[in-house]
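Input: a single structure, listed below in structure tokens.
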Protein chains: 2
Amino acid sequence: MADSQRFAVAVHTLMILAAHKAGEAGHPMTSAEMAKSVNANPVVLRRVISSLAQAGLVATRPGAHGGVWLAKAPNDIAMDQVRGAVDEGPLVCARTKINSDCPVAVAALDVIDSVSKRVDGAVRDSLALLTLADLVKQLPDSLTQACAATPPASPTLAA
Amino acid sequence: MADSQRFAVAVHTLMILAAHKAGEAGHPMTSAEMAKSVNANPVVLRRVISSLAQAGLVATRPGAHGGVWLAKAPNDIAMDQVRGAVDEGPLVCARTKINSDCPVAVAALDVIDSVSKRVDGAVRDSLALLTLADLVKQLPDSLTQACAATPPASPTLAA
DNA sequence: ATTTCTGTCACCGAGGTTGTGACGAAATGG
DNA sequence: CCATTTCGTCACAACCTCGGTGACAGAAAT
């Protein structure tokens, strides 16, 4: 239960917000704008944004001139929080349908469960060390500068 | 692309083979026998076994008194090999449908890709340290002894 | 030759994910 | 007060992947 693209969409969205330095008192970005860059339906984006908002990573405001912005500094947004917000299932899932009359199967289930937990821990640990700020740093400098200086109706996002 | 139960089925299968000390010159186990314990269709099991065989982890022989057995010592079977054999896709997959006219999207794709590689590396590393022997050790001693002494038609597997 | 078992195919149904339209609620501006 | 914008969420369709199942050919043992 993990082959969705929600995590990728979430990271993409957060990078856009960070690169454009979108803020409440400035120019929040709309889901429609960002949907163009992600090449997805605005509703899909809003579903992801909704999860991120519940996790306290972004804030939103409806109405004219409303939109989405980061609720925390990029340095304080770690990737494991993002994954936890949009994709809560375990990566490697155990079997639910074992034959409970078979003692080997019952014991194996526990063992496999421990493997699953181990993998999940490894994923979480590796993502916890990665912040949104780290990712934005990987963007070409020219790009982030262009975005930061962007007035509404930015040419850096449009198609 | 990782929410399948193939990995769990593979581990379960390998544990059965290890616990029963199945060997070519002894009592290879049939997919039908093991399917009972896993509570899955024999064909599903054979699909997994086929992948494991291609990876050199198990060996098979058709025909009467044929079946499956471990091709290596449990100490030499690491879990990352198992995962690689049955589930080759990346755990967290990037978006394929970005808007390639948007410079932010193009750059973000690379960044997300690096995150994906990082996660995959973490998973691989954590699984590489875990061998089939480690997992079998976690089984209750009584169980492995009962299995090891098992003649054909074992009561420890049947329903 | 018969039996047993693997290997593989084709097909179906279940479940989850994305795409899309629609509607209400909230916020801004005239 | 009203029109506009935008979020939030629902319902539905399209699609894809996965597991379950039956079928059949080939290999091996007796």
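A quick note: this is a predicted structure, and the numbers were derived from the prediction, not measured.
For A:Arg95 and D:dG19, a side-chain-to-base donor-acceptor distance below 3.5 Å is absent, hydrogens and geometry of angles not being considered.
Within a 6.0 Å sphere centred on CZ of A:Arg124, other residues, nucleotides and ligands contribute 12 heavy atoms or fewer.
Between A:Ile49 atom CD1 and C:dT18 atom P there is a gap of 14 Å when expressed in whole angstrom units. Note: NE2 (A:His27) to P (D:dT6) measures 15 Å, nearest angstrom. A straight line from CE of B:Met29 to P of C:dT4 spans 18 Å, rounded to a whole angstrom. As rounded to whole Å, 15 Å separates atom P of D:dT9 from atom CG of A:Leu45. A straight line from CD of A:Gln5 to P of C:dG19 spans 8 Å, rounded to a whole angstrom. Atoms CH2 (A:Trp69) and P (D:dC7) sit 10 Å apart, rounded to a whole Å.
Residues B:Val58 and B:Leu14 have side chains in contact (heavy-atom distance under 4.5 Å, counting atoms from C-beta outward). Inter-residue side-chain proximity for B:Val82 and B:Ile77 is flagged as met; some heavy-atom pair is nearer than 4.5 Å. Side chains of B:Val68 and B:Met34 form a contact here, defined as non-hydrogen atoms less than 4.5 Å apart. Residues B:Ile112 and B:Arg95 fail the side-chain proximity criterion, which asks for heavy atoms closer than 4.5 Å. Side-chain contact between B:Met29 and B:His20 is present, with at least one heavy-atom pair separated by less than 4.5 Å.
OP1 or OP2 of D:dC7 has not a single side-chain nitrogen or oxygen of A:Ser50 nearer than 4.0 Å. Residue B:Asn41 has no polar side-chain atom (N or O) positioned under 4.0 Å from OP1 or OP2 of D:dG19. Remark: B:Lys97 is in phosphate contact with C:dG19, judged by side-chain N or O atoms under 4.0 Å from OP1 or OP2.
Remark: nothing in residues 6-14 of chain B comes within less than 4.0 Å of DNA chain C through any heavy atom.
Checking D:dG20, C:dT6, C:dT20 against the side-chain heavy atoms of B:Ser31 singles out C:dT6 as nearest. With C:dG21, C:dC9, C:dT18 as the candidates, the nucleotide lying closest to the side chain of B:Arg47 is C:dC9. When each of D:dC18, D:dG8, C:dT18 is scored by its nearest atom to the side-chain atoms of B:Ser4, the top-ranked nucleotide is D:dC18.
One hydrophobic cluster, built from ILVMFWY side chains closer than 4.5 Å, holds both A:Leu130 and A:Val86.
If you check the side chains of B:Asp134 and B:Thr131, you find a donor sitting under 3.5 Å from an acceptor.
Take the nearest nucleotide of DNA chain D for A:Ala32 and for B:Ala40: the residue whose nucleotide is more 5' is A:Ala32. Comparing A:Asn39 and A:Arg46 against DNA chain C, the residue whose closest nucleotide sits nearer the 5' end is A:Asn39.
With hydrogens and angles ignored, the 3.5 Å screen pairs a side-chain donor or acceptor of A:Ser114 with a backbone N or O of A:Val111.
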Counting primed atoms plus P, OP1 and OP2 as sugar-phosphate and everything else as base, spell out the protein contacts along nucleotides 25-30 of chain D at 4.0 Å heavy-atom distance: B, S or - for each nucleotide, 5' to 3'. -BBBS-
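Between B:Arg83 and B:Asp80 there is no salt bridge, since no side-chain N of the basic residue sits under 4.0 Å from a carboxylate O of the acidic one.
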